[in-house]
Every structure is written in structure tokens, then in C-alpha cells.
Amino acid sequence: MACDISPRMIQIARQDAIALGFEENLDFRVLPTEELEKLASEAPFDGAFSNFSGLNCVEDLSAVSRDLARLLKPGAPLLACVIGRFVPWEIAWFLAHGKPSRAMARVFDNGTIVEAGDLKIQRPSVREMTRLFAPEFELRSWRGVGVAVPPSYMEHWARRFPAVISLLARCDNLIDRLPLFRNLGDCILLEFSRTKV
């Protein structure tokens with residue numbers, strides 16, 4: 001079972017596009033990642049963006065890479081936001097709440113597939129993502145997302161300390177691309193380019 005973006009999220013995105021006057025330029029659809037080939041008749045596309053860690057819920061990332069390669073123009077960008085593997089905020093939060101196994105879950109799963117109900121989640125490293133998307137895509141750059149800013153499940157805490165969160169957000173912008181720090185993000189944003197084969 002794949003992580004599919006919810007119809008509610010699509011509705012919100014569509015409303016935002018209308019409010020900004022972009023509704024003529026955008027087409028929102030709900031489509032499982034494993035069914036990207038259904039878009040072949042509309043290709044080639046100028047780029048692709050995967051958010052909300054949807055690629056972490058796909059078992060065969062190499063197949064997704066091949067499907068995307070058939071859909072994108074040579075040189076087109078692919079932005080992929082995936083779950084990070086070592087998140088100090090998460091470790092500290094769950095240790096403070098007496099849940100040591102939950103605190104270390106990402107650290108010790110080694111990128112293997114984890115069952116979460118009907119959902120299978122994998123956390124490949126940046127190196128593994130680069131390997132799985134080659135030779136169709138080349139990694140151009142990557143950075144951490146939420147390195148200094150706490151994860152979304154700490155939102156109630158963040159609302160109590162908006163000045164601290166603002167400072168942490170500024171820190172994120174300074175360190176999110178630096179070696180070592182970029183590995184500490186709640187998510188990792190990878191920028192690939194479609195190879196010119």
C-alpha cells in the first residue's frame with residue numbers, strides 16, 4: 001500500500017491556487033506513485049516534486065525512477081522530500097517522555113521496511129536514494145529539513161514559544177546544507193536532475 005496524498009490536501013492546494021490566481025496553470029490529481037505511467041500520454045513534464053515522504057512508502061524506488069525518467073524532459077529537476085534517519089529532536093522528545101524504543105526507532109531500522117499498520121515505510125539513506133535513482137537521475141544537492149526546528153508533532157510546544165521557533169528557523173537556513181548538520185533533519189530534501197541519456 002502506498003502513501004497517497006489525501007483528497008483533502010489536494011482540495012487545500014486547489015483553493016490556494018485559486019486564491020493566488022494560478023488555477024489555469026495547475027492540475028491537481030490524486031494518483032498513487034506506483035501508477036505514474038498513467039501520465040505517459042501527457043509527457044514530457046518540466047519537473048517533478050515528491051513531498052510528505054511519499055517515496056518512503058514505495059517498495060520499489062528503482063521502478064519509480066524509471067517511470068519518472070520516461071515522464072520528464074532531459075535535465076528536468078526532481079525534488080524528493082524523504083524521511084530523515086537520525087533526528088536529535090525526536091530522540092530527545094521520546095526519551096523525555098519515557099519511550100526509549102520510539103526515540104531510537106529511526107536510528108536502528110537501518111533503512112529497512114517497517115510495518116505501520118497497513119503501511120510499509122522505508123528510510124533509505126541519501127547514498128541509497130542516489131543509487132536507486134541512477135542512472136536515470138543524478139543527485140545535484142541535498143539538505144536537511146527541520147534540522148533545528150522541531151518536528152510537527154511538537155507543534156503544541158512550538159506554539160508556546162514562537163520567538164524560539166523563529167530563531168530556530170533562522171538557524172535552519174544557515175545549517176541545513178552543511179555536512180553533518182544536513183543529516184539531522186526530520187526530512188531530507190534531495191534535488192536530482194534527469195540525466196541526458
Side-chain angles (χ1 to χ4, degrees), residues 3 5-6 9 12-13 16-17 20 22 33 45-58 61 64-65 68 72 75-97 102-112 114 116 121-134 136-195:
C3 294
I5 191 165
S6 77
M9 294 169 98
I12 291 169
D16 288 347
L20 294 168
F22 292 122
T33 304
F45 294 98
D46 295 322
F49 177 45
S50 175
N51 201 2
F52 306 110
S53 304
L55 291 177
N56 291 100
C57 305
V58 175
L61 287 171
V64 170
S65 175
L68 282 168
L72 297 179
L78 164 62
L79 297 175
C81 191
V82 296
I83 298 171
R85 297 195 45 199
F86 185 81
V87 185
W89 271 112
E90 182 167 281
I91 294 168
W93 178 260
F94 286 110
L95 284 177
H97 287 83
R102 179 66 181 96
M104 303 307 286
R106 292 196 211 194
V107 176
F108 293 121
D109 74 13
N110 295 321
T112 56
V114 177
I121 301 168
Q122 60 180 328
R123 297 182 184 101
S125 66
V126 172
R127 181 177 295 184
E128 184 70 2
M129 287 288 292
T130 302
R131 184 187 69 75
L132 290 168
F133 276 78
E136 294 86 6
F137 292 90
E138 180 181 2
L139 183 64
R140 295 290 186 193
S141 67
W142 63 282
R143 65 180 168 180
V145 176
V147 176
V149 175
S152 59
Y153 52 79
M154 293 177 65
E155 183 178 352
H156 67 283
W157 176 86
R159 286 183 184 190
R160 290 175 44 205
F161 304 100
V164 173
I165 297 303
S166 180
L167 176 64
L168 292 174
R170 286 195 301 274
C171 288
D172 243 19
N173 289 332
L174 296 172
I175 65 173
D176 65 355
R177 292 180 185 271
L178 296 177
L180 298 179
F181 288 106
R182 64 184 178 178
N183 290 302
L184 306 178
D186 184 38
C187 291
I188 305 293
L189 180 63
L190 302 105
E191 181 183 350
F192 291 97
S193 179
R194 172 70 173 98
T195 55

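Side-chain atoms are counted along with the backbone in the values below, which use heavy atoms only and exclude waters and symmetry mates. Computed from a predicted structure; not experimentally measured.
- Closest heavy-atom contact between S53 and I83: OG-CG1, 3.2 Å.
- The neighbour count for L20 CG, taken as heavy atoms of other residues, nucleotides or ligands under 6.0 Å away, is above 12.
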Sequence neighbours left out, cut at 3.5 Å: what donor-acceptor pairs do the side chains of residues 155-164 make with other protein atoms?
residue, atom, partner, partner atom, Å
E155, OE2, R159, NE, 3.1
E155, OE2, R159, NH2, 2.5

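- Using a 4.5 Å heavy-atom cutoff, the side chains of L139 and V126 are in contact.
- Contact between V87 and G185 at its shortest, heavy atoms only, is CG2-O, 3.5 Å.
- E191 and S141 share a donor-acceptor pair across their side chains, judged by distance under 3.5 Å alone.
- The shortest side-chain heavy-atom distance between L168 and W89 falls under the 4.5 Å cut-off.
- Partners of D172 by side chain to side chain contact (heavy atoms under 4.5 Å, CB included), not counting sequence neighbours, listed by chain and number: V147, A148, V149.
- Considering only heavy atoms from C-beta on, I188 comes within 4.5 Å of W142 through its side chain.
- F94 CZ: more than 12 foreign heavy atoms inside a 6.0 Å radius.
- We find the CD-CZ distance between E136 and F192 to be 11.0 Å, quoted to the nearest 0.5 Å.
- At distances below 3.5 Å, at least one donor-acceptor pair connects side-chain atoms of S65 with backbone N or O atoms of F133.
- Taking the side chain as every heavy atom from C-beta outward, L184 and F86 approach each other to under 4.5 Å.
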Verdict with supporting geometry, L61 and Q122, side chain to side chain contact (heavy atoms under 4.5 Å, CB included): CA-CA 10 Å; L61 287 171; Q122 60 180 328; 4.0 Å; yes
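- Of the inter-residue distances, the one linking D186 atom CG with E90 atom CD reads 7.0 Å to the nearest 0.5 angstrom.
- Contact check for N56 versus P124: side-chain heavy atoms found under the 4.5 Å cut-off.
- Summarising the geometry, atom CZ belonging to R140 is positioned 12.0 Å from atom CG belonging to L78; distances are rounded to the nearest 0.5 Å.
- Partners of S166 by side-chain hydrogen bond (donor to acceptor under 3.5 Å, both in side chains), not counting sequence neighbours, listed by chain and number: R170.
- To the nearest 0.5 Å, atom CD1 of residue I165 and atom CE of residue M154 are 7.5 Å apart.
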